[in-house]
2 protein chains.
Amino acid sequence: MKQEKVLYQDFLQSKNLKLTKPRLIIMEAVLENHDHFNVDDLYEQIKMKHKDVSRATIYRTIPLLIESGLVKQSLRCESKDIYEHTYGHENHLHFICTNCGKILESSFNEVEKLINQLAKNENFKISEYNLGASGLCKDCKK
Amino acid sequence: MKQEKVLYQDFLQSKNLKLTKPRLIIMEAVLENHDHFNVDDLYEQIKMKHKDVSRATIYRTIPLLIESGLVKQSLRCESKDIYEHTYGHENHLHFICTNCGKILESSFNEVEKLINQLAKNENFKISEYNLGASGLCKDCKK
DNA sequence: ATGCATTTGAGATTCATTCTCAATAAAGTT
DNA sequence: AACTTTATTGAGAATGAATCTCAAATGCAT
Ligand SMILES: [Mn+2]
Ligand SMILES: [Mn+2]
Ligand SMILES: [Zn+2]
Ligand SMILES: [Zn+2]
């Protein structure tokens, strides 16, 4: 919790970026949110808390959160980019139900190893995994 | 080559969809294209051949090609949806270079097995895999 | 050929994301 | 605490991919 905050602040300083109120508000919202979220979700979440930040600023700040390692762009849903906060969350893959939209997560230690091997064969340096599948969840299967 | 054409025609008939000139032109363009392509790529490719089809029709036809199993939505690049034709192409994963944009492909038989197992644990029925990673290709690594 | 339902093309529309720019806030200096 | 400099913000305009609309064209069964 504190850890991530410090990480972000250090990141901003190292880039000579100012520690502004909106940047802190957005970071806190992101850390509080343990789901997959899009920009509008964040915007509403922040408004609920009686804080206020414009959409433009959220759009501008997300790349910073990504570069600092707190957030990852994870999926696309309903033609919107979806994010999730990653610090402290293990790498995982997504099973997306095409019927109800539910997103299941599943950890992928072994898969990771295999993919690393494939990347090595290609002489490719992975910086981010993007693994998933779509189909039907157990409830929608019948 | 013929195989796919027949498959597509059968699909259209089974859905009571008409076998129109634009639908055939688009299908042929897709089959000739062994790369990853977006709608504009297809549009230009078709225009080169002195054929003519509107963008609107391409947008409308791609879902049909996907449903018929000839095409798969594969990636997003420069905020455009990217497709590739799948019939006859083995399942594969994508390594995308964040520096030069190059896309490497790598087959994933073993990975597939592991993911199938994970899906089984979740009682999830996979209909489409979506596997990849971003990072630096061998040329951009230095 | 004729008639009817489907499909097409052109342009309008939508909507997520990015951009612009005047007003504001951060942070360093006196 | 007031002053300076420079980055950042908010509001709304702009962009652009994808979708929609509707009159004209086409496929297809008779
Ligand atoms: Mn997730
Ligand atoms: Mn591919
Ligand atoms: Zn479901
Ligand atoms: Zn590269």
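Residue numbering restarts at 1 for every chain, and letters A, B, ... go by the order of the sequence lines.
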- Task: Might you work through the salt bridge (charged side-chain N to carboxylate O under 4.0 Å, His left out) test for B:Glu28 and B:Lys49, ending with a clear yes or no?
- Result: CA-CA 11 Å; B:Glu28 277 162 15; B:Lys49 287 248 167 176; over 6 Å; no

- Please test B:Asp81 against B:Arg76 for salt bridge (charged side-chain N to carboxylate O under 4.0 Å, His left out), starting from the C-alpha separation and ending with a verdict. CA-CA 5 Å; B:Asp81 285 334; B:Arg76 255 184 143 249; 3.0 Å; yes

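Distance check: A:Thr57 OG1 to A:Ile62 CD1 gives 11.5 Å after rounding to the nearest 0.5 Å. With rounding to the nearest 0.5 angstrom, the CD1 atom of A:Ile58 is 9.0 Å from the CD atom of A:Gln45.
Sequence order on DNA chain D of the closest nucleotides to B:Tyr83 and A:Thr20 puts A:Thr20 first from the 5' end. Map B:Lys21 and B:Tyr59 each onto its nearest nucleotide of DNA chain D; the residue landing nearer the 5' end is B:Tyr59.
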Hey, what are the protein-to-nucleotides 2-6 of chain D N/O distances that come in under 3.5 Å?
from, atom 1, to, atom 2, distance (Å)
D:dT6, O2, A:Lys18, NZ, 3.0

Give each protein N/O atom lying under 3.5 Å from an N/O atom of nucleotides 10-16 of chain D, with the pair distance.
from, atom 1, to, atom 2, distance (Å)
D:dG10, OP2, A:Ser54, N, 3.3
D:dG10, OP2, A:Ser54, OG, 3.0
D:dG10, OP2, A:Thr57, OG1, 2.4
D:dG10, N7, A:Arg60, NH2, 2.7
D:dG10, O6, A:Arg60, NH1, 3.2

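Within 6.0 Å of NZ on B:Lys72 lie more than 12 heavy atoms contributed by other residues, nucleotides or ligands.
Atom NZ in B:Lys51 sits roughly 15 Å away from atom P in C:dT8 (whole-Å rounding). The separation between A:Gln9 atom CD and C:dA27 atom P is 10 Å, rounded to whole Å. One atom, CG of B:Leu75, and another, C1' of D:dA17, lie 17 Å apart when rounded to the nearest Å. Rounding to whole angstrom units, CG of residue A:Leu12 and P of D:dA7 are separated by 15 Å. B:Asn16 places its CG atom 17 Å from the C1' atom of D:dT26, with the value rounded to the nearest Å. As a whole-Å value, the separation of B:Gln73 CD from D:dA18 C1' is 12 Å. As rounded to whole Å, 13 Å separates atom C1' of C:dA27 from atom CG of A:Leu17. Atom CZ in B:Arg76 sits about 8 Å away from atom P in C:dT17, given to the nearest Å.
A donor-acceptor pair shorter than 3.5 Å can be found between the side chains of B:Glu84 and B:His92. For the 3.5 Å distance criterion, the side chains of A:Glu105 and A:His36 qualify, holding a donor opposite an acceptor. Neither side chain, A:Glu32 nor A:His85, offers a donor N or O lying under 3.5 Å from an acceptor on the other.
Within 4.0 Å of B:Asp40, counting heavy atoms only, lies no atom of the nucleic acid at all. The residue A:Asp81 sits close only to the backbone: its heavy atoms come under 4.0 Å of sugar-phosphate atoms, none of a base.
Between the side chain of A:Asn33 and the main chain of A:Asp35, a donor-acceptor pair closer than 3.5 Å is present.
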